[in-house]
2 protein chains.
Amino acid sequence: MQRVFEALASAPRRKILAYLAHAELNAGEIAARFEISKPAVSQHLSVLENAGLIVSEKRGQYVYYRLVPESLANTLNSYVQEVCPVSRPLKAESAAIAQRKVDTGSR
Amino acid sequence: MQRVFEALASAPRRKILAYLAHAELNAGEIAARFEISKPAVSQHLSVLENAGLIVSEKRGQYVYYRLVPESLANTLNSYVQEVCPVSRPLKAESAAIAQRKVDTGSR
DNA sequence: TAGGTATTTAATTTATTTCTTAAATACTGA
DNA sequence: TCAGTATTTAAGAAATAAATTAAATACCTA
């Protein structure tokens, strides 16, 4: 929880998540979309990975990153449910939808 | 958005939100729940207020704070919808529930 | 194996956050 | 008005986070 919110507090990191929401990308492809250095991007990637929001997979020379959407959705949804009474009715609904997604593997 | 995520990145600030989810409290009552100094708590309160997550109202000698639950729920829900395709079906549902709450003023 | 590319690690500097104490402001009630 | 309480503002110290450059690691291909 702490790590997730820390990870999300950074604009570049949220931008990385937004890219990965649309496609799996390797470290170089991600870095190319920023003006900061590659090591800086690499550090952002490890913050995101340590938070469990993304996962990496080395394939040959490249390291591919992809989003773990359930992780982000689960953390934020459950936080909202905890703090915002208004959202409590969403809880069962969210769980059901998330489960359906896991079952079918569909988007 | 940036301010909301920055606000949520701090454990003491999330703790403040959790307290305010249950009751309106004044600055002193909030500060009493922490080991840090009152000015430190006051600063956390202004970060939360600048993010639009809480509002304050001065009544006599005291400054009362309360949560703006729609603000937190709306920001996090819409962020989740943007980044996590899995959650998109929740959008209409969330809006409907939030609207119902606004209409009735109920929990 | 050698040279090149991709990525991360390490060391360091800079910037930002968070805390503390002291002082200012604002309200209350004698 | 004066003394006391509640809260915030201000200034500065300490801790964290984020960037950079240089070097290390790992993989690919000739």
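Chain naming here is simple, since letters A, B, ... match the order of the sequence lines and numbering starts at 1 in each.
- Residue A/S37 places no side-chain N or O under 4.0 Å from the OP1 or OP2 atom of D/dA19.
- Taking the ring centre of B/F34 as origin, the terminal cationic atom of B/K15 falls inside the region bounded by 6.0 Å and 45° from the ring axis.
- In this structure, B/L20 is not a member of the same hydrophobic cluster as B/V47, with clusters built from ILVMFWY side-chain heavy atoms closer than 4.5 Å.
- In this structure, the side chain of B/E29 does not engage the main chain of B/L25 through any donor-acceptor pair within 3.5 Å.
- Between B/V68 and B/L53 there is no side-chain heavy-atom pair separated by less than 4.5 Å.
- At a threshold of 4.0 Å, the pair A/E6-A/R13 does not count as salt-bridged, since none of the basic side-chain nitrogens sits closer than that to a carboxylate oxygen.
- The separation between B/F34 atom CZ and C/dT18 atom P is 13 Å, rounded to whole Å.
- If you measure from atom CZ of B/R59 to atom C1' of C/dT28, you get 16 Å, rounded to the nearest angstrom.
- Of the possible donor and acceptor atoms, none in the side chain of B/S10 sits under 3.5 Å from a partner among the backbone N and O of B/A7.
- Nearer the 5' end of DNA chain D, as judged by each residue's closest nucleotide, is the contact made by B/S46, out of B/S46 and A/V47.
- With A/S42 contributing its side chain and A/K38 its backbone, the two residues share no donor-acceptor pair below 3.5 Å.
- Rounded to an integer number of Å, the gap from NZ of A/K58 to P of C/dT5 is 16 Å.
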Give me, pair by pair, the N or O atoms of the protein and of nucleotides 6-8 of chain D that are less than 3.5 Å apart, along with how far apart they are.
residue : atom : partner : partner atom : Å
D/dT7   : OP1  : B/A27   : N            : 3.3
D/dT7   : OP1  : B/V63   : N            : 3.4
D/dT7   : OP2  : B/G28   : N            : 2.6
D/dT8   : OP1  : B/Y65   : OH           : 2.5
D/dT8   : OP2  : B/S42   : OG           : 2.9
D/dT8   : O5'  : B/S42   : OG           : 3.4

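- Note: CD (A/E35) to P (D/dA19) measures 12 Å, nearest angstrom.
- Salt-bridge check for B/E49 with B/R3: failed, with every basic side-chain N at 4.0 Å or more from each acidic carboxylate O.
- A heavy-atom distance below 4.0 Å to DNA chain D is reached by none of the residues of residues 1-16 of chain B.
- Atom CD in A/Q43 sits about 17 Å away from atom P in C/dT14, given to the nearest Å.
- Of the possible polar contacts, none joining the B/S56 side chain to the B/Y65 backbone as a donor-acceptor pair under 3.5 Å is found.
- For C/dC19, the OP1/OP2 oxygens have a side-chain nitrogen or oxygen of B/H44 closer than 4.0 Å.
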